[in-house]
Amino acid sequence: MDFTGSDADPRRAALAVRGEDPARGGPPAALDVPRGWQTDRSRAPHATKIVVAGGFGVGKTTFVGSVSEITPLRTEAVMTVAGEAVDDRTATPDKTTTTVAMDFGRITLDTDLVLYLFGTPGQKRFWFMWDDLVRGAIGAVVMADTRRLADCFPALDYFDSAGLPYIVAVNQFEGTARHDPDEVREALALPRQVPMVQMDARQRVAVVDTLLILVGRALDTTPG
């Protein structure tokens with residue numbers, strides 16, 4: 001994967017995405033100022049696809065929505081009594097909707113580097129869509145909830161089998177206990193080379209940092 005033409009720098013990218021001006025070291029930048037590739041028709045951004053996966057109610061929709069610079073596309077449906085037998089809401093009793101197709105958002109990480117985020121549906125009955133959503137992606141963020149780690153095992157198995165670079169993002173829900181990262185890694189049987197981060201999907205900065213880690217992982221593991 002080649003990002004030639006993009007003066008990509010992780011620190012500059014993080015500052016820019018957080019609404020800060022890299023040239024000044026941090027002061028807020030005008031978010032409505034057009035970027036070079038938007039006004040110069042001779043240049044084009046490097047569009048890159050990222051998948052956000054995990055179990056039911058783990059925070060994928062929140063993850064995409066927290067960081068998207070456009071109004072995210074959401075395909076949510078109201079949960080009904082008919083779904084109570086198949087959707088375990090023990091850990092998320094206040095959840096009233098669920099993704100039935102995908103979430104979609106976009107974020108510009110650097111001058112010419114744009115990430116398109118595709119959130120997968122979590123329920124087993126929608127897994128047949130994963131092959132189409134994953135096609136062309138450079139990597140995946142697998143989200144996990146420490147109250148029900150087993151729910152992310154299907155996603156881990158899927159990306160291991162597909163050979164797609166991925167990282168694990170442990171979503172710290174409000175009021176949940178914090179666990180030692182090594183213990184969580186051991187419970188997931190996660191190889192040491194796979195990055196694992198603890199974050200809050202509601203916080204934009206945390207999501208940006210997670211995406212930067214995934215992009216670095218993809219660059220490290222992609223031949224050429």
Side-chain angles (χ1 to χ4, degrees), residues 10-11 13-15 17-20 50-69 72 74 76 79 87-99 102-107 109 115 117-124 137 139-160 164-218:
R11 181 178 177 279
L15 287 173
V17 173
R18 294 172 189 173
E20 302 174 6
I50 299 291
V51 174
V52 183
F56 167 73
V58 78
K60 300 181 295 295
T61 298
T62 301
F63 183 101
V64 174
S66 292
V67 79
S68 179
E69 62 194 16
R74 292 170 176 166
E76 293 195 309
M79 301 180 68
D87 296 326
D88 183 4
R89 287 191 287 172
T90 304
T92 54
D94 297 328
K95 186 174 178 59
T96 58
T97 61
T98 184
T99 300
M102 69 174 183
D103 297 307
F104 174 77
R106 185 191 72 195
I107 178 174
L109 278 186
L115 297 186
L117 309 178
F118 289 78
T120 67
Q123 298 96 318
K124 185 176 182 179
V141 176
V142 177
M143 299 191 66
D145 180 350
T146 53
R147 296 170 295 181
R148 44 200 175 95
L149 286 177
D151 288 359
C152 72
F153 287 164
L156 295 176
D157 291 341
Y158 181 92
F159 294 117
D160 274 330
L164 190 70
Y166 67 89
I167 67 171
V168 173
V170 179
N171 193 12
Q172 292 289 165
F173 287 84
E174 187 173 353
T176 59
R178 290 184 174 271
H179 298 274
D180 182 89
D182 289 336
E183 293 179 353
V184 177
R185 179 179 290 276
E186 182 178 356
L188 293 174
L190 198 64
R192 280 289 167 188
Q193 66 269 23
V194 176
M196 188 187 77
V197 298
Q198 293 182 306
M199 48 82 71
D200 187 334
R202 299 169 299 180
Q203 298 180 359
R204 178 179 174 84
V205 171
V207 175
V208 170
D209 288 342
T210 300
L211 291 172
L212 288 172
I213 292 171
L214 174 61
V215 171
R217 169 71 173 162

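Along the sequence shown, the residues carry numbers beginning at 1. Because the structure is predicted, anything quoted here is derived from the model rather than measured.
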If I compare all heavy atoms of [X] with all of [Y], which pair ends up nearest, and what's the gap?
X	Y	value
T120	G54	OG1-N, 4.2 Å
G105	S68	CA-OG, 3.4 Å
V141	A169	CG1-CB, 3.8 Å
K60	A53	CD-C, 3.4 Å
S66	V207	CB-CG2, 4.2 Å
A201	M143	CB-CE, 3.9 Å

> When you look at F173 and D200, which way does the side-chain contact (heavy atoms from CB on, under 4.5 Å) test go after all the steps?
Replying inline: CA-CA 7 Å; F173 287 84; D200 187 334; over 6 Å; no
Distance in Å, [X] [atom1] paired with [Y] [atom2], rounded so as to fall on 0.5 Å steps:
X	Y	atom1	atom2	value
L149	L190	CG	CG	10.5 Å
T146	R178	OG1	CZ	9.5 Å
R202	Q172	CZ	CD	10.5 Å
Q198	T210	CD	OG1	11.0 Å
E183	L188	CD	CG	12.0 Å
I167	I213	CD1	CD1	5.5 Å

>> Tell me if a side-chain donor or acceptor on N171 pairs with a main-chain N or O of V58 at a distance below 3.5 Å.
In response: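 Answer holds: yes.
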With a 4.5 Å heavy-atom cut-off, do [X] and [Y] have their side chains touching?
X	Y	value
V170	V184	yes
V64	F118	no
D151	D145	no

> More than 12 non-hydrogen atoms from neighbouring residues, nucleotides or ligands closer than 6.0 Å to CD on Q193, yes or no?
Replying inline: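 Yes.
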> side-chain contact (heavy atoms from CB on, under 4.5 Å) between V67 and L117: does it pass, once the steps are laid out?
Replying inline: CA-CA 10 Å; V67 79; L117 309 178; 3.5 Å; yes
> Does R217 make a cation-pi contact with Y166, if we ask for NZ or CZ under 6.0 Å from the ring centre and within 45° of the axis?
Replying inline: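 No, R217 does not lie over the aromatic ring of Y166.
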> Between D103 and F63, is a side-chain contact (heavy atoms from CB on, under 4.5 Å) present by the stated rule, with each step listed?
Replying inline: CA-CA 10 Å; D103 297 307; F63 183 101; over 6 Å; no
>> L214 vs I50, test: side-chain contact (heavy atoms from CB on, under 4.5 Å). Steps then yes/no.
In response: CA-CA 9 Å; L214 174 61; I50 299 291; 3.4 Å; yes
> Looking at D182 and R185, does any basic side-chain N land under 4.0 Å from a carboxylate oxygen?
Replying inline: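 Not counted as a salt bridge, because no side-chain N and carboxylate O are separated by less than 4.0 Å.
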